[in-house]
Amino acid sequence: MEFAELIKTPRVDGVILHRPFMPKVEGTLCLTGHHLILSSRQDNTEELWLLHANIDSTEKRFVGSLGTIIVKCKDLRVIQLDIPGMEECLNIASSIEALSTLDSVSLMYPFFYRPLFEVIEDGWQLFLPEEVFKDLESMTDEWRLSEVNKDFSVCPSYPSLLTVPKDIDDETLCKAASFRHGGRFPVLSYYHKKNGMVMMRAGQPLTGTNGRRCKEDEKLINATLCAGKRGYIIDTRTIAVAQQAKARGGGFEQEANYPQWRRIHKAIERSSVLQESLIKLVEACNDQSHSMDRWLSKLEASNWQSHVKEILTTACLAAQCIDREGASVLVHGTEGTDSTLQVTSLAQIILDPECRTIRGFETLIEREWLQAGHPFQQRCAQSAYSNGKLRSEAPVFLLFLDCVWQILRQFPCSFQFNEKFLIILFEHAYASQFGTFLGNRVAERVKLQLSQKTVSLWSWVNRPQELERFHNPLYEPNNLVIWPSVAPQSLLLWEGVFLRWNRSTKCLDEAYQEMVHIIEYNKELQNKVNSLRRQLAELETEDSPLQTP
Amino acid sequence: MEHIITPKVEDVKLLNRYTEKKSTLGTLYLTATHLIYVEQTNNTRKETWVLHHHIASVEKHPLTTSGCPLLIHCKTFQVLHLLFQRERDCQDIYQSLLRLSQPVKEEELYAFLYNPHQNEDDRRRGWELIDVSNDFSRMGLSNEHWEISHLNKNYEICSTYPSVLGLPKNASVATVTGSAKFRSRGRLPVLSYYHKDMKAAICRCSQPLSGLNSRCMEDEQMLEAISQANPNCPFIYVVDTRPKLNAMANRAAGKGYENEDNYSNIRFQFQGIENIHVMRNSLQKLLEVCSVKSPSMSDHLTGLESSGWLRHIKSVMDAGVFLAKVVCDEKASVLVHCSDGWDRTAQVCSLACILLDPYYRTLKGLMVLIEKEWISFGHKFSHRCGHLESDPKEVSPVFTQFLECVWQLSEQFPCAFEFNERYLIEIHNQVYGCQYGNFIGNCQKERQELRLREKTFSLWPHLLENHHQYRNPLYRRSLKSTVLRPSTLPLHFKFWCGMYNHYDKGMHPKQSVVDQLLSLMQRQVDGEKTMTDLQRQLAVADGVLPDPSGPINTSAKQDSPREKTPTATVVQSNGSCSPLNNGAAKEAGTDSKQHNGEEGAEPAATQHGVTSSKEKPVSVETEHSKEEVQESS
């Protein structure tokens with residue numbers, strides 16, 4: 001097997017592991033094709049199992065013959081391994097390096113992983129577009145499911161089934177696709193049941209410098225407007241960036257050609273800028289120097305919180321257009337696979353209570369991220385410790401999760417899931433035993449046969465034992481639109497991710513347990529009271545004939 | 001009333017602080033104590049009451065086309081932006097408020113008018129509720145090393161100290177009086193906190209009058225006596241909370257700090273907390289940051305940084321943590337001072353007390369701590385809060401900073417405090433509100449002369465009566481780790497939106513976990529009561545118990561727990577409800593868990609009807625996100 005060639009030293013004894021806020025552990029280090037394992041052989045709880053895919057970068061140091069490898073993980077954890085023997089250390093380091101940067105997807109762990117649990121509900125079969133469309137059909141008959149992309153030739157990054165206006169035929173779709181970046185013609189993202197308004201998303205129109213237009217594209221999006229109503233086009237880029245895009249064949253909708261639409265530009269940064277922001281933020285969080293000024297200025301300079309604010313603001317805007325203005329919305333940026341998806345998915349969380357349930361949130365991620373063609377594999381290839389040359393890595397999904405957390409913090413009783421759920425999604429997007437986040441688009445996943453060869457994350461998450469961990473005990477369903485505040489004072493640093501390894505969570509865990517205890521105890525108490533009432537009522541009916549002669 | 005020129009003005013606009021589109025129209029009233037703004041739209045009537053004492057500044061801005069603007073900044077960080085139709089009205093209100101918000105004599109303060117319908121007995125009992133000398137006995141004083149001294153009973157040794165002092169037993173009267181003469185304003189080293197288990201003490205004083213090279217035998221003996229009173233450590237720490245540069249500058253004026261060569265066995269340390277003027281300016285900058293209209297994230301963070309506010313909070317916290325560490329890790333005693341020993345020293349000593357002793361993290365314990373370290377040790381509340389018309393350079397948010405440090409701790413240790421954020425904010429508002437007598441005057445002697453105990457009421461009973469809303473539902477009395485060891489890395493300090501943007505409700509979480517849990521706990525109290533009643537009725541119906549009150553169905557109808565008074569139900573509650581009775585509550589807690597075990601398996605037939613929070617405001621409009629459509633389209 002190929003892995004054996006990469007592992008020169010599979011085992012080293014007497015290795016010392018240092019982890020933040022945990023006592024150091026001495027044990028045996030083993031390398032397998034997919035894991036770095038450290039076992040003290042005394043106590044199972046002391047073991048470390050680390051996926052190679054989770055390793056973002058490594059550093060090695062030597063003091064005499066004692067080598068030290070610092071392992072920086074994609075989940076932002078930093079651990080240190082002290083390895084006796086220079087040769088062993090070098091071998092281990094080079095193996096980790098090689099194994100954590102495997103190029104071939106089919107060598108990834110999900111293809112080798114066999115679940116130790118019984119799959120009750122196959123996550124791969126859960127969120128099929130046909131099923132999702134059935135829900136839509138129950139609310140409106142103005143849309144249809146098109147198979148125009150069934151062989152992924154019209155738009156390689158779209159799924160095979162797409163929801164489009166009923167009156168638009170496949171030919172029109174093909175022409176509109178040729179006018180949109182990556183063939184991403186406008187498709188339905190969300191239908192607002194309350195007033196029948198819709199949100200669509202697309203790639204940028206390819207107007208180019210000479211202002212090309214496309215009647216079919218205009219017809220397609222106009223078909224989503226009610227008679228006499230205007231719609232909003234939300235371009236996630238600034239007007240300047242959108243202008244520049246013209247030179248490369250892109251552009252934005254000209255007012256003259258889209259008279260029924262009002263265009264609004266926002267300023268969500270491109271993905272490469274976001275990656276740099278993440279690197280700076282994590283660097284600031286790991287800076288142990290004790291100056292307040294330095295921390296605040298680094299936090300500010302990282303711009304991470306600004307991105308959070310900008311994305312949330314844009315999502316609120318989209319939601320307002322739909323809910324308050326009663327208008328339909330088209331969202332796009334450049335490719336329509338990053339900032340566009342952040343905005344459309346967050347707007348749905350604001351508008352649609354269903355998206356705040358665990359199942360609904362999974363559906364949202366399936367629909368608006370996985371099937372919508374967010375290139376997970378490229379974006380999550382490296383995380384905050386990447387120091388090499390970056391290709392297309394960017395924390396687009398992490399920023400989305402951060403924004404969800406911000407809303408969750410402001411509406412702690414409106415979500416069925418808790419922060420832990422968001423954190424595991426972050427972890428699994430970057431490194432996982434499950435196949436869900438592999439590949440960049442549906443077409444690739446089909447080709448890789450992920451649904452046959454790997455286990456879906458949802459198969460695991462949706463088991464009752466796991467669901468319990470992610471359940472928010474404060475949850476009480478509410479059908480309202482929830483408007484988050486986007487004032488800087490209201491947006492906090494997501495400590496659960498960024499300070500996770502820089503603090504002891506003991507006190508916070510205790511607080512969470514206490515909260516669960518109060519809620520559980522209350523439920524039990526109410527049950528008991530009800531049951532006593534019943535008993536009493538039964539006794540009374542038995543007794544009453546005796547008491548009243 | 002003589003200062004009120006116009007008691008009522010109609011058609012006054014109240015502008016929203018951030019977006020002008022959300023302004024309201026209403027009527028403004030001035031009373032002897034309050035400014036009241038009544039907003040009348042259709043069927044809703046909303047009142048905003050502002051205590052005159054809470055007003056920090058009133059600014060009249062130049063006339064605009066839309067009216068005559070008046071800007072009112074409050075000490076509670078509320079900002080009112082009013083717009084008058086007629087300049088006359090604006091001018092009248094402006095003049096009245098200028099006068100009303102700056103009383104000249106103590107007797108004009110609200111506390112001297114305020115009567116919460118209590119008789120003299122209640123008043124006296126109220127004032128006796130918190131007794132600092134009880135805290136001495138709680139700490140185990142007197143003992144073989146420390147004694148309670150009445151040397152200062154007429155405030156002759158130190159006029160700004162309390163009459164009762166904790167002193168080392170082996171310090172002679174000559175030593176005490178001699179040391180007092182060598183300390184700024186006679187504020188000699190005395191006990192602040194005694195740690196029973198470590199036998200270590202935290203003592204406080206003012207700076208020595210050491211100048212460039214004077215020394216004082218008695219003062220040296222005094223420190224020696226403090227050192228000897230701790231058998232566990234051969235030396236004491238002397239902590240000067242000021243930046244070194246400030247302390248050195250004081251030497252030229254005949255003051256300064258302890259020379260390590262002159263005192264045997266001391267370890268001297270500076271802590272670098274800035275003075276009251278720096279703090280005042282810093283808060284000013286912070287408040288400017290808070291009031292920027294639609295700021296970018298970068299504006300906010302840059303502003304936060306340049307205000308220096310969190311840097312100062314961290315410096316206070318660092319010093320408090322240092323003290324606690326010295327006491328519990330090295331079992332060493334420590335003497336703390338700054339210049340006069342009533343600002344930074346009070347902050348640092350009280351913070352160390354909270355870190356070391358879980359008692360001070362209870363509702364009542366915090367009252368005791370504030371009485372002890374702040375009120376009785378002469379923190380100049382009247383000057384620092386600007387209760388009366390006085391030198392604005394004396395005003396400084398020293399006490400606010402202390403409250404913020406406690407809040408920062410409660411964020412790191414969510415189960416360690418019996419009270420919630422609301423309690424801290426309420427205390428803050430009351431300190432500035434002068435509705436109660438506690439925070440009037442600058443030292444105990446002054447308070448006695450003002451006869452506050454006869455003429456005003458104490459705040460503490462009022463807070464205890466309302467303890468339900470101030471409780472932290474997550475509080476765990478049983479927490480084993482009694483000493484708090486917070487991280488003081490900069491990234492663990494947060495901006496306290498709940499305080500400085502308290503009145504900007506749109507910025508706060510729209511659903512409150514604390515309120516949700518508090519209402520659950522109230523239901524729990526009710527539920528437990530109901531359960532006991534039902535069990536008794538069942539027993540009666542079964543014939544196990546004799547029937548006390550006739551047919552069961554009558555009493556069954558009356559089991560509504562809400563008819564009971566709150567005080568009665570608290571005693572019945574399980575676990576963490578009763579704030580004043582640690583021991584009993586602990587037993588009740590274990591008790592109820594056993595109940596759980598026995599009966600938890602019973603089938604759940606009906607739903608448990610969690611209805612309380614359905615009506616909670618959920619879809620509250622957000623200032624910032626709302627306007628976007630109009631602006632950008």
Side-chain angles (χ1 to χ4, degrees), chain A residues 262 264 285 290-293 295-297 299-300 305-306 309 313 316-317 320-321 325 409-414 474 476 478 480-490 499 503 507-508 510-511 514-515 518-519 521-536 539-540 543, chain B residues 295-298 300-302 304-305 310-311 314 412-415 473-474 476 487 490-491 495 497 501 506-507 509-511 513 516-517 520-521 523-524 527-528 530-531 534-535 537-538 541 551-553 556 596 599-600 602 604-606 608 610 613 618-619 621-622 624-625 628-629 632-633:
Chain A
R262 175 169 284 175
I264 303 171
C285 292
H290 293 249
S291 153
M292 182 61 78
D293 290 0
W295 156 246
L296 287 173
S297 102
L299 178 64
E300 190 273 320
Q305 294 295 94
S306 302
K309 179 168 155 61
T313 306
C316 285
L317 170 68
Q320 267 158 26
C321 290
E325 303 281 304
R409 196 191 74 84
Q410 295 186 27
F411 295 90
C413 307
S414 296
L474 292 165
E476 283 176 25
N478 88 63
L480 298 167
V481 175
I482 54 173
W483 298 108
S485 162
V486 294
Q489 289 96 320
S490 310
L499 304 187
R503 60 173 183 181
C507 297
L508 302 175
E510 272 170 5
E514 188 64 27
M515 179 177 83
I518 293 171
I519 294 166
Y521 178 72
N522 219 276
K523 282 183 186 164
E524 278 175 35
L525 191 68
Q526 301 306 324
N527 287 345
K528 256 181 285 176
V529 166
N530 289 337
S531 130
L532 284 173
R533 283 222 167 92
R534 245 190 353 267
Q535 284 180 37
L536 196 63
L539 272 178
E540 278 175 37
D543 289 353
Chain B
S296 71
M297 187 54 87
S298 180
H300 177 70
L301 290 174
T302 314
L304 195 58
E305 183 200 335
L310 286 178
R311 174 159 44 89
K314 176 173 151 54
Q412 282 195 40
F413 302 97
C415 300
L474 301 176
R476 282 169 60 173
S487 160
L491 43 80
F495 168 72
C497 185
N501 282 112
M507 288 181 186
K510 308 301 185 300
Q511 296 166 329
V513 176
Q516 180 79 4
L517 293 178
L520 274 184
M521 294 184 77
R523 279 167 52 91
Q524 178 176 322
E528 279 164 0
T530 313
M531 192 172 73
L534 286 169
Q535 277 166 340
Q537 287 171 34
L538 261 177
I552 38 170
N553 45 0
N596 266 344
E599 302 179 47
E602 290 217 352
T606 45
H608 12 82
V610 188
S613 69
V618 169
S619 177
E621 193 63 52
T622 322
H624 290 256
S625 57
E628 292 288 347
V629 175
S632 31
S633 48

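Chain identifiers are assigned alphabetically (A, B, ...) following the order of the sequence lines, protein sequences preceding nucleic acid strands; residue numbering begins at 1 within each chain.
With contacts defined as side-chain heavy-atom distances shorter than 4.5 Å, the pair A/Glu300/B/His300 does not qualify. At least one side-chain heavy atom of B/Arg476 sits less than 4.5 Å from a side-chain heavy atom of A/Glu514. Residues B/Pro490 and A/Leu296 form no side-chain contact, since every pair of their non-hydrogen atoms from C-beta on lies 4.5 Å or further apart. No side-chain heavy atom of A/Cys507 sits less than 4.5 Å from a side-chain heavy atom of B/Gln412. Put simply, the side chain of B/Arg311 does not reach to within 4.5 Å of the side chain of A/Trp295, judged on heavy atoms. Within the 4.5 Å cutoff, side-chain heavy atoms of A/Ser485 are placed close to those of B/Lys510. By the 4.5 Å heavy-atom criterion applied to side chains, B/Leu517 and A/Leu474 are counted as neighbours.
Side chains of B/Gln511 and A/Gln410: a donor-acceptor N/O pair is absent below 3.5 angstrom, by distance only.
Proximity to chain B is limited to the side chain of A/Leu499, based on heavy atoms less than 4.5 angstrom apart.
Closest of all the heavy-atom pairs between A/Lys309 and B/Ser296 is CE-CA, 4.1 Å. Considering every non-hydrogen atom in both A/Leu539 and B/Ala541, the closest pair reads CD1-CB, 3.7 Å. The shortest heavy-atom contact between A/Leu525 and B/Glu528 is CD2-N, 3.6 Å.
From A/Arg533, atom CZ reaches atom CG of B/Leu538 across 11.5 Å, with rounding to the nearest 0.5 Å. Here the straight-line distance linking atom CG of B/Asn501 with atom CD of A/Gln489 works out to 4.5 Å at 0.5 Å rounding. Atom CD of residue B/Gln516 and atom SG of residue A/Cys413 lie 4.0 Å apart, to the nearest 0.5 angstrom.
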